[in-house]
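Read the structure below first, then the notes.
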Amino acid sequence: MDGAVLASVLTSLPPYTAYLVLFGLIAVESAGVPVPGETALIAAGILASRGDLDVALVIAVAASAAIIGDNFGYLIGRTGGRRLLERPGRFERHRREILARGEPFFERHGAKAVFLGRWVAILRIGAAWLAGANHMPWRRFLLWNALGGIVWAAGVALAAYALGPVAEKLIHEASLAVGAAVALLVLLRLLLFLRRRRRAREQGAASG
């Protein structure tokens, strides 16, 4: 669903209902369900520029929904998500390796992943789950999650407020650029890890 369609839907609702729909979509997306939360925020920002909604209230609702939804996703990842990865069965070794690799990653880079994850669709849906499953300290998660949610809500809403319908394309393009940069960084780290692992095996074979 694009921003124009969502804007039309929100316009047809009473203002208080539009804010509730905005809150619900962003909270559900942040908790890990792929719904158009960011698109709803863009639509709300455009409506605010027309005077149909209040931009300050849009930002407050969006930031609150992002923080609450992410914390719910963190809780799911911390409880059910971790049990799912640790349970016996197929691919158990690989699932446990995700935790073994993920915990030190979130210890070193969790703050950046949580903060920047707000701007990348895949990470926006899954970062809270991963942070919880990998036992990122909750207070640290809450701090960076709150900062990311507030900056994201204000940035997207104000961009839509100032630029109108063109903001949706620009924000999505920026999201793709950030996502590509994150994917490249992950790929480089994976290649470095595989290279170190191969060297360790070669040294082990040589010493044996």
Side-chain angles (χ1 to χ4, degrees), residues 1-3 6 19-44 58-87 89-92 94-107 109-157 171-172 174-176 178-183 185-186:
M1 185 180 293
D2 62 23
L6 262 176
Y19 291 123
L20 287 176
V21 171
L22 175 65
F23 181 92
L25 286 173
I26 293 176
V28 170
E29 181 188 52
S30 300
V33 181
V35 298
E38 183 174 74
T39 305
L41 177 56
I42 294 170
V58 166
I59 294 171
V61 168
S64 300
I67 294 169
I68 292 172
D70 274 335
N71 276 272
F72 187 70
Y74 174 91
L75 179 62
I76 294 174
R78 181 98 182 196
T79 53
R82 190 172 186 89
R83 286 200 301 270
L84 182 64
L85 291 173
E86 291 179 333
R87 71 176 182 176
R90 295 184 62 186
F91 308 112
E92 179 183 358
H94 298 287
R95 287 187 274 107
R96 288 183 177 272
E97 188 171 349
I98 291 174
L99 291 175
R101 302 295 177 190
E103 285 180 348
F105 173 83
F106 270 90
E107 181 65 30
H109 307 292
K112 293 190 289 289
V114 170
F115 183 85
L116 294 176
R118 272 279 115 207
W119 301 90
V120 183
I122 295 176
L123 286 178
R124 186 164 58 248
I125 295 171
W129 280 60
L130 293 172
N134 286 285
H135 280 189
M136 181 180 180
W138 178 73
R139 289 185 180 180
R140 187 163 178 249
F141 170 81
L142 178 61
L143 171 63
W144 290 102
N145 163 248
L147 289 174
I150 293 169
V151 172
W152 170 78
V156 172
I171 291 169
H172 286 172
S175 178
L176 289 175
V178 174
V182 171
L185 178 61
V186 170

According to salt bridge (charged side-chain N to carboxylate O under 4.0 Å, His left out), does anything in [range] pair up with another residue at least two apart or in another chain? List the pairs.
{"range": "residues 143-155", "value": "none"}
{"range": "residues 28-37", "value": "Glu29-Arg124"}
{"range": "residues 146-157", "value": "none"}

task = Report the C-alpha distance between Phe141 and Asp70 in whole Å, list the side-chain angles of each, state the deciding distance to 0.1 Å, and finish with yes or no for side chain to side chain contact (heavy atoms under 4.5 Å, CB included).
result = CA-CA 9 Å; Phe141 170 81; Asp70 274 335; 4.1 Å; yes
The criterion is side-chain contact (heavy atoms from CB on, under 4.5 Å); which residues satisfy it with [X], sequence neighbours excluded?
{"X": "Ala27", "answer": "Phe23, Ala65"}
{"X": "Leu143", "answer": "Leu147"}
{"X": "Ala31", "answer": "Phe72"}

Roughly how far, to the nearest 0.5 Å, is [atom2] of [Y] from [atom1] of [X]?
{"X": "Trp152", "Y": "Glu38", "atom1": "CH2", "atom2": "CD", "result": "6.0 Å"}
{"X": "Ile68", "Y": "Ser30", "atom1": "CD1", "atom2": "OG", "result": "10.0 Å"}
{"X": "Ser64", "Y": "Ile59", "atom1": "OG", "atom2": "CD1", "result": "11.5 Å"}
{"X": "Ile26", "Y": "Leu41", "atom1": "CD1", "atom2": "CG", "result": "4.5 Å"}

Decide yes or no for [X] and [Y]: does some side-chain heavy atom of the first lie under 4.5 Å from some side-chain heavy atom of the second?
{"X": "Tyr19", "Y": "Val58", "value": "yes"}
{"X": "Val151", "Y": "Arg118", "value": "no"}
{"X": "Leu142", "Y": "Tyr74", "value": "no"}
{"X": "Met136", "Y": "Val114", "value": "yes"}

Smallest separation among heavy atoms of [X] and [Y], with atom names:
{"X": "Gly149", "Y": "Ala66", "value": "CA-CB, 4.2 Å"}
{"X": "Ala153", "Y": "Ala62", "value": "CB-CB, 3.8 Å"}
{"X": "Leu25", "Y": "Ala40", "value": "CD1-CB, 3.7 Å"}

From Arg139, Arg140, His135, residue fulfilling side chain to side chain contact (heavy atoms under 4.5 Å, CB included) relative to Pro137 = Arg140
message = Determine whether a donor-acceptor pair (N or O, by modelled atom type, separation under 3.5 Å) exists between the side chain of Asn71 and the backbone of Ile67.
response = yes
